[in-house]
Engineer: 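Please see the structure below; I have some questions.
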Amino acid sequence: MSTASPVVVHGIAVSPGRTVGPCVLLPEPVGEPPSGRRLAPGEDPAAAAARISVAARQVQAALEAAADRAQGESQEVLRATATIAADPTLVADAEHRVLSDHLVPERAVWEAAGAVSAQFEELGGYFAERTRDIADVRDRLVAELTGRPAPGVPEHDAPFVLVASDLAPALTATLDPTRVVGIVTGAGGPTSHTAILARALGIPAVVAARGITDHVADGDLVLVDGGHGTATVHPDEAQVAAALAAAAQTRAFDGEGRTADGRRVELLANVGDPRDAAAAAEAGAEGVGLLRTEFGFLDRAEAPSVAEQVAAYRQVLAAFPGRKVVIRTLDAGADKPMPFLTSDAEANPALGVRGLRTAQEHPEVLEDQLTAIAEAAAAESARVWVMAPMVATVDEAESFVARCQRHGLDVAGVMVEVPSAALLSGPILASAKFASIGTNDLTQYTMAADRLLGAVAELSDPWQPAVLQLVASTCAGGAQQDRPVGVCGEAAASPALAVVLVGLGVSSLSMTPRAIADVAAVLATVTHDECRRLAQLALSAPTAAAARERVRAELPVLEELAL
Ligand code: PEP
Ligand code: MG
């Protein structure tokens with residue numbers, strides 16, 4: 001163990017659990033080489049051009065070797081990328097630019113990749129989807145030609161803590177939880193894709209740990225506390241022993257969420273890909289609280305057919321016979337663009353035509369979706385609830401409920417993601433049968449802070465007292481109309497915040513299946529009155545950090561369970 005003293009870097013807790021491992025630093029992304037940079041006078045263009053094919057062979061070999069070691073989807077991705085690195089078109093074009101324009105090889109590669117991408121975009125379909133792989137090969141070539149480490153997570157035999165300035169969503173998606181035991185990033189927000197994926201993979205993570213990359217070097221021991229939001233570089237022996245003991249604990253869930261005094265709190269799963277539904281049921285989820293139906297629509301030139309949708313929805317319903325499954329209609333737009341529904345010309349897509357609003361111009365997409373949901377519901381025994389994303393007005397709620405009723409879908413509700421819906425939840429819930437609070441967007445719109453932008457991470461925190469007030473307001477509307485209010489945003493997966501949400505009046509929590517056992521374990525230790533008291537404590541705090549700390553201080557069980 002190192003003799004250096006522990007250095008604690010504070011960030012935002014996004015995925016609970018404590019873990020320890022050697023640091024692996026993610027190389028900084030390669031930037032665009034300066035435009036017009038040419039060879040030095042006297043430099044031989046032929047020799048410079050020849051370096052490109054050498055680099056391409058090296059990149060191809062490295063990708064193939066990585067593919068041999070990988071499995072499943074990552075293996076396929078790596079093999080496809082290796083094929084592009086081996087394709088002579090890109091290399092020939094880049095060499096030509098060195099020979100004729102005397103560009104430095106890395107700039108020539110950058111420009112040639114741009115030209116190949118443009119051709120692929122024009123061809124559309126399968127080819128258009130390959131442009132991301134071309135950018136990956138381009139970056140690897142530029143790194144090789146400029147003597148920098150290859151982009152992406154470096155190969156490492158033993159499990160490690162990944163430390164990065166920021167993580168691209170695509171990269172986070174390929175992380176292997178058996179190798180990456182913890183994540184610390186300098187940027188990123190609590191509802192960023194990194195946070196969502198880290199929680200889904202069960203990897204303890206801290207984001208917005210400003211300056212973390214200045215405090216660590218490759219190989220330094222790092223202790224990640226994903227409950228408190230700290231990264232300790234050079235932890236002492238006692239800290240390491242406690243973290244390892246905590247990581248070894250396992251928790252089971254008996255299938256029914258409740259507080260210590262027996263008040264039921266439904267613990268449901270968020271499902272994004274129908275293939276994950278069976279695993280959610282195995283994790284003990286009582287049902288599905290949010291089926292994100294975007295999975296079938298993203299990266300498509302047009303909406304999937306009704307038959308295709310029926311098959312996908314049935315797969316989820318079949319995993320939960322007799323149980324509740326809440327299907328959210330399509331949430332296109334902003335961070336989920338879909339060319340057949342949303343425009344890329346909007347200056348502020350998060351404030352534009354997204355979610356239910358797309359049904360104004362394209363009612364047929366929503367109609368088809370409701371047809372498919374009704375057909376799937378008729379064929380399976382699950383209890384199907386339907387809800388619309390991004391509802392802002394009473395009118396929108398009423399017309400959505402009426403539309404669902406025309407399809408025989410009687411339990412139609414709304415997501416509360418916009419402050420106006422939280423404030424108007426009483427009149428909205430006069431027609432809507434339930435509300436499900438999407439704390440990710442509700443936080444974004446309450447705090448006017450982009451959920452994906454690290455620079456505003458402190459604002460984009462569901463512990464913000466203003467967000468908690470809007471949760472309380474939604475619950476008051478629910479109580480007025482005697483309608484259930486749940487939470488399906490990431491806040492539900494935080495055991496400490498879950499206690500507060502229940503105290504504010506929420507009766508169901510929907511989250512990544514991995515979080516269910518932890519949330520259940522903590523809820524089972526507090527009475528409903530205690531939940532209410534802690535909710536008041538959080539509501540009256542001056543800041544998000546104070547709310548979190550005050551509540552955590554009253555929940556010693558979090559310490560015992562290392563959450
Ligand atoms: C939310 O906004 O909290 C939510 C659950 O929806 P999504 O994350 O899919 O936007
Ligand atoms: Mg949302």
Side-chain angles (χ1 to χ4, degrees), residues 14-15 169 172-173 188-200 268-273 276 280 285 288-298 316 325-338 341-342 349-358 369 385-392 396 400 413-422 425 434-453 459-464 467-468 470-471 474 485-494 497-498 501 504 506 508-513 515:
V14 293
S15 181
T172 318
T191 49
S192 61
H193 291 295
T194 300
I196 293 174
L197 283 160
R199 256 192 302 269
L268 308 162
N270 287 357
V271 173
D273 182 327
D276 297 337
V288 173
L290 168 63
L291 173 62
R292 288 185 165 102
T293 55
E294 294 77 46
F295 62 85
F297 293 74
L298 284 169
V316 178
V325 174
V326 185
I327 305 183
R328 174 174 78 182
T329 57
L330 193 58
D331 184 21
D335 55 327
K336 309 163 189 120
M338 292 177 205
L341 268 183
T342 56
L351 304 180
V353 182
R354 64 165 292 196
L356 182 63
R357 299 169 186 184
T358 59
Q369 197 175 20
W385 293 21
V386 189
M387 65 183 179
M390 292 296 294
V391 170
E396 285 172 355
F400 179 73
V414 295
M415 283 194 76
V416 171
E417 307 185 274
V418 183
S420 66
S425 67
F434 68 96
S436 182
I437 306 176
T439 44
N440 309 338
D441 276 313
L442 185 60
T443 305
Q444 151 160 281
Y445 294 121
T446 304
M447 304 308 297
D450 185 336
R451 61 191 267 186
L452 303 181
L453 189 65
L459 293 170
S460 99
D461 184 337
W463 282 94
Q464 285 286 352
V467 177
L468 299 179
L470 288 174
V471 172
T474 311
V485 174
V487 169
C488 64
E490 295 303 307
S494 151
L497 194 45
L501 296 171
L504 292 172
V506 158
S508 67
L509 297 165
S510 189
M511 65 201 84
T512 177

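Everything numeric in this text was worked out from a predicted model, so none of it was measured. Remember, it's 1-based here, ligands and their atoms both numbered in the order they're listed.
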Engineer: For L509 and A498, which heavy atoms make the closest approach, and how far apart are they?
Structural biologist: CD1-CB, 3.7 Å
Engineer: Could you pull out every protein residue that has a heavy atom closer than 4.0 Å to ligand 1, ordered by chain and then number?
Structural biologist: L290, R292, R328, D331, K336, M415, E417, G438, T439, N440, D441, R451, C488, G489
Engineer: Once side-chain contact (heavy atoms from CB on, under 4.5 Å) is applied, do any residues pair with A350, and if so which ones, sequence neighbours excluded?
Structural biologist: A334, Q444, Y445
Engineer: May I ask you to check if any N/O/S atom from D441 comes under 2.8 Å of the Mg ion (ligand 2)?
Structural biologist: yes
Engineer: W385: what forms a ring pair (Phe, Tyr, Trp, His ring centres under 6.0 Å) with it, not counting sequence neighbours?
Structural biologist: F434
Engineer: In E417, what N, O or S atom is nearest to the Mg ion (ligand 2), if we give its atom name?
Structural biologist: OE2
Engineer: Is the side chain of N440 donor-acceptor paired with the backbone N or O of E490 at a distance under 3.5 Å, no angle test?
Structural biologist: yes
Engineer: Closest approach of M338 and D331, non-hydrogen atoms and distance?
Structural biologist: CE-O, 4.4 Å
Engineer: List for me each residue that meets side-chain contact (heavy atoms from CB on, under 4.5 Å) alongside A515, sequence neighbours excluded, and say none if there are none.
Structural biologist: A493, M511, T512
Engineer: If you take all heavy atoms of L470 and A422, which pair is closest and at what distance?
Structural biologist: O-CB, 3.7 Å
